[in-house]
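Note sheet for the following structure.
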Amino acid sequence: RSGQAGLSSACGEVIGAYDACLAGWKEDGGAPSYDLEMDICKRAIAPYVASIQRTENPVAALTHQAYHMVQESVDASVNTNFGSGYLCLLGGIQINMPCGYADHFYPMRFELQREGQRTLNLLTNLLEFREIF
C-alpha cells in the first residue's frame, strides 16, 4: 500500500491479538493493559484460535472472524427508533493491495433496517448486479 514500507498480512491489531493468543495469552482478570483495542481483540479472538489454526488459510479465517467481531459490535449499537426512514448497513472486508494493484472491498452485509419491519437483505441483489458488469 502507498505509505507502507512493506507488505502486511492483515490488520496489525488483529494479527497481534492472534499471535498473543497463539503464544498462550489467557485473560486472567488482572490489571488491564494500556491497549484497550488489543484487549478487546484478544478476548474476541481467543475462543476461536484453535479452529482458525486448523483452516487452510488462517489469515483469511482470522480476517472473517474479525469481521464478525465488528458486526456483533455494530448490531449491539444499531438503533432504528429515529423516524420513518431506513437505516442502511454496509459491511465487509477491505483488501489492500500492493502499489500498482487496485484495492478491493469484499461485501459481507448490505441491508436496510426499519423500526417494526423485517430487515431487507440486499446483498444478493448487490452480488447479482456485480455479475452484470
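All values derive from a computational prediction rather than experimental measurement. Computed from heavy atoms alone, side chains included, the values below leave out hydrogens, waters and symmetry copies.
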Please, which pairs that meet salt bridge (Lys or Arg N to Asp or Glu O under 4.0 Å) have at least one residue in [range], sequence neighbours excluded?
| range | value |
| --- | --- |
| residues 87-96 | none |
| residues 61-90 | Asp75-Arg109 |
| residues 92-101 | none |

Audit row: Leu112, Thr119, side-chain contact (heavy atoms from CB on, under 4.5 Å) steps and yes/no: CA-CA 6 Å; Leu112 296 176; Thr119 297; over 6 Å; no
Might you work through the side-chain contact (heavy atoms from CB on, under 4.5 Å) test for Leu89 and Leu87, ending with a clear yes or no? CA-CA 7 Å; Leu89 296 173; Leu87 174 67; 4.2 Å; yes
Would Asp19 and Leu22 count as a side-chain contact (heavy atoms from CB on, under 4.5 Å) if you check the C-alpha gap in whole Å, the side-chain angles of each, and the deciding distance to 0.1 Å? CA-CA 5 Å; Asp19 287 344; Leu22 285 175; 4.2 Å; yes
Same hydrophobic cluster for Val78 and Tyr86, using side-chain heavy-atom links shorter than 4.5 Å among ILVMFWY?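 Different hydrophobic clusters.
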Shared ILVMFWY cluster between Val74 and Phe82, side chains joined below 4.5 angstrom?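 Yes, same cluster.
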Kindly compute the distance separating [atom1] ([X]) from [atom2] ([Y]), expressed to the nearest 0.5 Å.
| X | Y | atom1 | atom2 | result |
| --- | --- | --- | --- | --- |
| Met108 | Leu90 | CE | CG | 12.0 Å |
| Gln71 | Gln65 | CD | CD | 11.0 Å |
| Ser84 | Gln117 | OG | CD | 10.0 Å |

Which atom of [X] lies closest to which atom of [Y], heavy atoms considered:
| X | Y | result |
| --- | --- | --- |
| Gln94 | Asp103 | NE2-CB, 3.5 Å |
| Tyr18 | Pro58 | OH-CB, 4.0 Å |
| Asn125 | Asn121 | OD1-O, 4.1 Å |
| Ala44 | Met69 | CB-SD, 3.0 Å |

For Glu111 and Gln113, does a side-chain donor sit closer than 3.5 Å to a side-chain acceptor?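 The answer is yes; a qualifying pair exists.
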Using the side chain to side chain contact (heavy atoms under 4.5 Å, CB included) criterion, which residues pair with Glu56? Sequence neighbours excluded.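 Expected list: none.
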Results of side chain to side chain contact (heavy atoms under 4.5 Å, CB included) for Ile95 - residues two or more places apart only: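 Testing Ile95 for side chain to side chain contact (heavy atoms under 4.5 Å, CB included), a comparison that skips the adjacent residues, returns Ile93, Met97, His104, Tyr106.
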Can you confirm whether more than 12 heavy atoms, excluding those of Tyr101, are under 6.0 Å from its OH atom?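 No, OH of Tyr101 has 12 or fewer neighbouring heavy atoms, counting only those of other groups under 6.0 Å.
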One thing to verify: whether Lys42 and Glu27 come together as a salt bridge, which I'm taking to mean a side-chain N less than 4.0 angstrom from a carboxylate O.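 No salt bridge links Glu27 with Lys42.
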Do Glu13 and Asp35 come close enough that some side-chain heavy atom pair is under 4.5 Å?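 They are in side-chain contact.
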Mind checking whether Phe110 and Cys88 have side chains closer than 4.5 Å, heavy atoms only?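 The answer is yes, as the side chains (C-beta and beyond) meet within the 4.5 Å cut-off.
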What pairs of donor and acceptor atoms, side-chain ones from residues 45-54 against any protein atom, are under 3.5 angstrom apart with sequence neighbours left out?
unit_1, atom_1, unit_2, atom_2, d
Ser51, OG, Tyr48, O, 3.0
Arg54, NH1, Ala50, O, 3.4

